[in-house]
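Everything below concerns the one structure shown next.
Note that this is a predicted model, so its numbers are computed, not measured.
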Amino acid sequence: MTMLKKHLSGIVAAAVVGIAALGSAQAAPVTYFGEDLNPAYGIPAGGNAQTAHDNFHSALTAGVQTENFEGFNDGDSSPLGLSFTGSGSTINGNLQGNGEIDGSGSGRFPTSGSKLWEASGSFSVEFDSPVAAFGFYGTDIGDFDGQITLALEDITGTITNLVINNTINGPNAALLFFGIIDVANPFVKVTFGNTSGGTDYFGFDDLTVGDVAQVKQVPAPSALGLLGLGLLGMGFAARRRRKA
């Protein structure tokens, strides 16, 4: 993946990518990305990350829920049971993988409260019902060269792979927000990875989850205009079906 030029690394964008399925066009997923390279261990008011966060949340109903990890203890590791308020019932999630609950680290900091999920490798969140919206804050990502990867798996086992274009070899303690809304292809599992493998630690906080009924009307492609430049910063790999 070719990195955007550094002066574009903090662009806030909603990238729309159309996906065709079995001869008929489906609604395109919409992504939201913003990055602040020097956030001073907080969320800069009006910064790129906060703007992306606010744009993502403006497309959702007021009932969506955010997991801020404040209900866990420092040192808790996977599996962690998560729960989110859905439109009709609770959406239960199971976080598994490499990491633990922490208060802070070298460059990692909570974006709300005093706790975060500190990942030391790949981890996943699996849901007991399909979700159409997923967003999170990430901290201290990219200073050891890596970019975050996401694998979104739907109920049929079909996986969509993404690479988030966070700045590579950037400063310590950078902040980003990423969100995706896909009402045509809701997913039941999100797997986090990194293009640099297990060479660094990353902080994740404020995971927001919503189902299809919790998504309001999202911007049409024609309304996004120049914000579509965000597509340059996101690698969408072809969907593939998991082998049985």
Open item on the list: Taking the side chain as everything from C-beta on, heavy atoms only, tell me whether Ile180 gets closer than 4.5 Å to Phe187.
Closed with: yes
Task: Geometric class of the Phe127/Phe84 ring pair [parallel <30°, tilted 30-60°, perpendicular >60°] - done: perpendicular
TODO: Can you label the angle between the Phe177 ring and the His53 ring as parallel, tilted or perpendicular, going by 30° and 60°?
DONE: perpendicular
- [ ] For Asp211 and Ser87, test the side chains for any donor-to-acceptor distance below 3.5 angstrom and give the result as yes or no.
- [x] yes
Task: Pair Asp154-Asn185, side-chain donor/acceptor within less than 3.5 Å - done: no
Is [X] linked to [Y] within one hydrophobic cluster, defined over Ile, Leu, Val, Met, Phe, Trp and Tyr using a side-chain heavy-atom separation of less than 4.5 Å?
X: Phe202; Y: Phe72; answer: yes
X: Leu116; Y: Ile43; answer: no
X: Val183; Y: Ile155; answer: no

If we ignore hydrogens and angles and just use 3.5 Å, is the side chain of [X] paired with the main-chain N or O of [Y] as donor and acceptor?
X: Lys115; Y: Asp74; value: no
X: Thr66; Y: Asp206; value: no
X: Asn48; Y: Gly34; value: no
X: Glu35; Y: Thr167; value: yes
X: Asn92; Y: Asp128; value: no

From [X] [atom1] over to [Y] [atom2], what is the distance, rounded to the nearest 0.5 angstrom?
X: Asn194; Y: Thr149; atom1: CG; atom2: OG1; answer: 6.5 Å
X: Thr111; Y: Leu175; atom1: OG1; atom2: CG; answer: 7.5 Å
X: Ser120; Y: Tyr201; atom1: OG; atom2: OH; answer: 5.0 Å
X: Thr61; Y: Gln214; atom1: OG1; atom2: CD; answer: 4.5 Å
X: Ile164; Y: Thr195; atom1: CD1; atom2: OG1; answer: 11.0 Å
X: Ile141; Y: Ser196; atom1: CD1; atom2: OG; answer: 12.0 Å

Work out which heavy atom in [X] is nearest to a heavy atom in [Y]; give both atom names and the distance.
X: Phe69; Y: Asp205; result: CD1-OD1, 3.6 Å
X: Leu176; Y: Asn166; result: CD2-CB, 3.6 Å
X: Asn165; Y: Phe33; result: O-CZ, 3.7 Å
X: Ser106; Y: Asn172; result: O-OD1, 3.6 Å
X: Glu70; Y: Glu67; result: N-OE2, 4.3 Å
X: Asp140; Y: Gly107; result: CB-O, 3.3 Å

TODO: Please lay out, stage by stage, how Val215 and Leu60 fare under the test side chain to side chain contact (heavy atoms under 4.5 Å, CB included).
DONE: CA-CA 5 Å; Val215 177; Leu60 306 176; 4.0 Å; yes
Task: Thr85, Leu82, Val209 screened by side-chain contact (heavy atoms from CB on, under 4.5 Å) with Ile91, the one that passes - done: Val209
Task: Partner of Phe123 under side-chain contact (heavy atoms from CB on, under 4.5 Å), chosen from Leu95, Asn98, Leu80 - done: Leu95
TODO: Would you confirm whether the ring centroid of Phe136 sits within less than 6.0 angstrom of the ring centroid of Phe192?
DONE: yes
Open item on the list: Checking Phe178 against Leu150 for the side chain to side chain contact (heavy atoms under 4.5 Å, CB included) test, could you report, in this order, the C-alpha distance in whole Å, the side-chain angles of both residues, the deciding distance, and whether it holds?
Closed with: CA-CA 11 Å; Phe178 177 80; Leu150 295 179; 3.5 Å; yes
Task: side chain to side chain contact (heavy atoms under 4.5 Å, CB included) evaluation trace for Ile101 with Trp117 - done: CA-CA 5 Å; Ile101 299 296; Trp117 171 254; 3.9 Å; yes
TODO: Run the numbers on Phe204 and Ile148 for side chain to side chain contact (heavy atoms under 4.5 Å, CB included), then give the verdict.
DONE: CA-CA 11 Å; Phe204 294 92; Ile148 295 299; 3.9 Å; yes
